[in-house]
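In what follows, a structure is listed as structure tokens, so that the remarks can point back to it.
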Number of protein chains: 2
Amino acid sequence: MKKLINGPDAVVTDALRGVAAAHPQLAVDVENKVITRASGATRGKVALVSGGGAGHEPLHGGFVGYGMLDAACPGEVFTSPVPDQMLAATKAVNGGAGVLHVVKNYTGDVLNFQMAAELAGDEGIEVVSVITNDDVAVEDSLYTAGRRGTGATVFVEKIAGALAEEGADLSAVAAVAREVNERSRSFGVALSSCVVPAAGKPTFELGDSEIELGIGIHGEPGRTRAAHMPAAELAAVALDAVGADLPLDNQDLLVMVNGMGGTPLIELYLMFGEVCRHLEARGARVVRNLVGNYITSLEMQGFSLTVCQLTDSLTRLWDAPVDTPALRWGR
Amino acid sequence: MKKLINGPDAVVTDALRGVAAAHPQLAVDVENKVITRASGATRGKVALVSGGGAGHEPLHGGFVGYGMLDAACPGEVFTSPVPDQMLAATKAVNGGAGVLHVVKNYTGDVLNFQMAAELAGDEGIEVVSVITNDDVAVEDSLYTAGRRGTGATVFVEKIAGALAEEGADLSAVAAVAREVNERSRSFGVALSSCVVPAAGKPTFELGDSEIELGIGIHGEPGRTRAAHMPAAELAAVALDAVGADLPLDNQDLLVMVNGMGGTPLIELYLMFGEVCRHLEARGARVVRNLVGNYITSLEMQGFSLTVCQLTDSLTRLWDAPVDTPALRWGR
């Protein structure tokens with residue numbers, strides 16, 4: 001295992017020290033592993049808190065800032081944070097208007113966020129949770145009952161964060177978060193495995209010309225192994241999987257081609273070009289996009305496709321100013 | 001070789017189609033491989049043109065936009081663009097105030113940009129070239145006489161681009177570009193090799209616990225092979241190499257910890273934390289930073305460190321608004 005780390009035990013805390021040094025606009029509690037805006041709680045604003053295992057950077061810490069999250073709490077690599085972290089984050093950013101928890105559908109995350117919400121409730125903080133479950137690859141999987149939450153989480157955090165920034169109340173912010181999740185679907189493809197530092201060996205093995213279709217963001221098995229294929233065919237496979245569950249024809253779409261962490265940007269742009277070509281043939285319009293590393297799986301090579309059916313209202317919220325380490329525009 | 005491509009021959013043009021689809025603020029001439037701002041030439045402004053082999057994305061196309069480059073021309077992967085491309089880019093963005101060519105010090109790039117500058121001169125366009133050569137690892141290397149140009153190129157393009165946007169003349173813009181290059185030094189470390197699509201096999205081989213110190217951005221040999229070491233020691237090695245050539249103590253520094261393409265962001269933040277710790281011990285102040293993938297080597301794992309001694313004037317230009325696919329703030 002060759003990684004830029006000091007040792008498997010200190011990866012997350014050492015990385016948080018780097019996040020703190022890089023981004024003075026964030027406040028990083030390294031010991032308790034909580035990242036908040038340096039400006040603190042915003043009085044009267046619904047606060048957004050997310051979290052989950054580390055190893056998916058920039059998700060979630062890279063999305064803390066104006067127009068998106070108020071706090072993020074990373075667990076150890078590919079391991080849920082604990083309720084105490086989530087509670088600390090929730091209390092730190094509560095501005096009196098309630099707190100939205102954005103939770104990816106993994107059993108550990110769901111249970112721990114539920115406990116944190118109850119503990120926050122005991123302290124008089126109103127919490128609503130929205131669970132993302134956009135990955136069409138499999139129903140039930142390692143770590144998950146139902147569908148896994150993946151790329152749509154980025155869209156939910158951006159769009160719900162924009163509505164919260166405008167002063168909407170908790171039920172409205174939760175409603176738009178659920179709407180974005182319901183209108184979004186994802187599908188991932190792995191060309192290689194990844195090595196969790198504490199394990200020291202690849203999570204799974206892939207042959208020299210083999211790929212995994214429907215990969216999960218922790219290397220959970222997908223639908224099938226296949227022989228590697230050209231990008232144009234891979235785009236069709238991913239779009240067919242997504243399109244079987246979400247109408248794409250004649251829709252206005254937000255499309256993300258996301259790198260799994262070890263994929264060169266030149267390949268992500270190439271995949272995005274192929275995805276656009278296929279969507280155009282279906283009469284769909286790609287009106288907004290993200291191409292890059294947004295929800296990763298350590299150094300895994302591959303990509304995931306996330307598609308969201310936009311409405312005028314969702315497009316407006318997507319375009320609203322955002323100022324975070326990983327997404328920044330319009331301000 | 002598992003890559004998200006359709007075939008080795010079409011990688012760059014297929015990727016440019018994706019760039020065009022992703023960024024309506026850019027105009028992409030896929031056939032001639034030239035990326036410009038969609039707004040075209042800016043009358044009366046010095047124009048900045050850069051280019052070089054593809055495979056280093058987001059460099060250079062990701063830096064085209066307000067406050068940075070006017071045009072970029074990528075060659076094939078790890079191969080210089082040809083003079084015709086550079087000339088086409090130069091003519092497309094010439095606004096009558098002259099054009100600055102920002103050239104990384106590789107023999108092919110230098111010769112081809114020189115020819116392009118002469119051809120542009122024949123057509124009445126004043127061109128000045130600034131060559132970056134910040135990599136302290138080796139004097140002379142595969143493809144290079146003298147030092148290689150690497151991470152400082154990002155700093156040069158940002159800071160000279162800001163001055164050009166303010167309306168400075170060609171000699172002033174060239175002078176600040178040279179100043180930034182002279183005040184910057186880089187050192188790279190590879191944990192793995194990379195595969196050029198046309199070659200189909202790794203550029204070099206590294207043992208399971210071996211790293212290359214002083215790697216070039218095309219996999220050119222560095223100073224030495226070493227056993228893999230903890231991040232804290234790697235930071236010290238890179239800083240010692242840089243610091244042997246550029247005084248760091250008590251300086252205000254711009255520091256980039258750059259991923260080589262296949263390195264997870266969590267590791268880059270961790271490295272940045274270690275670099276800051278070492279610099280603090282030397283009494284240096286890291287007043288600005290970049291952590292992420294800015295000048296890559298396909299899917300290579302590893303990082304490079306680039307340090308620039310700032311002045312008040314350079315800091316002001318660094319902070320000036322920029323609006324490109326890969327760098328965006330303040331506007």
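A note on names: the letters A, B, ... follow the listed sequences, proteins ahead of strands, and every chain is numbered from 1. As the structure is a prediction and not an experimental result, all values here were calculated from the model.
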Heavy-atom pairs under 4.5 Å with chain B - which of [options] has more of them than the others?
options	answer
A:Val291, A:Leu298, A:Ile5	A:Ile5
A:Ala21, A:Gly7, A:Gly273	A:Ala21
A:His23, A:Glu299, A:Arg17, A:His56	A:Glu299
A:Ile266, A:Val255, A:Asp14	A:Ile266

pair [X]-[Y]: side-chain heavy atoms closer than 4.5 Å:
X	Y	result
B:Leu213	B:Ile215	no
A:Leu310	A:Val287	yes
A:Leu191	A:His228	yes

Among the listed options [options], the residue most often paired with chain A at heavy-atom distances under 4.5 Å:
options	answer
B:Met229, B:Glu233, B:Arg277, B:Lys2	B:Lys2
B:Asp208, B:Val275, B:Leu234, B:Leu268	B:Asp208
B:Ala326, B:Gly261, B:Gly292	B:Gly261
B:Gly259, B:Gly62, B:Ala231	B:Ala231
B:Ala22, B:Cys276, B:Pro230	B:Ala22
B:Asn6, B:Leu265, B:Leu290	B:Asn6

Pairing of B:Asp319 and B:Arg288 as salt bridge, 4.0 angstrom limit: yes

Region of [X] that comes under 4.5 Å of a non-hydrogen atom in chain B:
X	result
A:Val257	neither
A:Pro24	neither
A:Asn289	side chain
A:Thr296	neither
A:Met1	backbone

Contact origin within B:Pro197 toward chain A - heavy atom pairs under 4.5 Å: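 For B:Pro197, no heavy atom lies under 4.5 Å from chain A.
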
Stepwise ring pair (Phe, Tyr, Trp, His ring centres under 6.0 Å) test for A:Trp329 and B:Trp329: CA-CA 7 Å; A:Trp329 59 68; B:Trp329 60 67; over 10 Å; no

Donor-acceptor check, side chain of [X] to backbone of [Y], threshold 3.5 angstrom: yes or no?
X	Y	result
A:Ser192	A:Gln301	yes
A:Lys158	A:Leu327	no
B:Lys3	B:Val195	yes
B:Glu210	B:Gly207	yes

The single option from A:Thr324, A:Thr36, A:Val19 passing side-chain contact (heavy atoms from CB on, under 4.5 Å) against A:Leu26: A:Val19

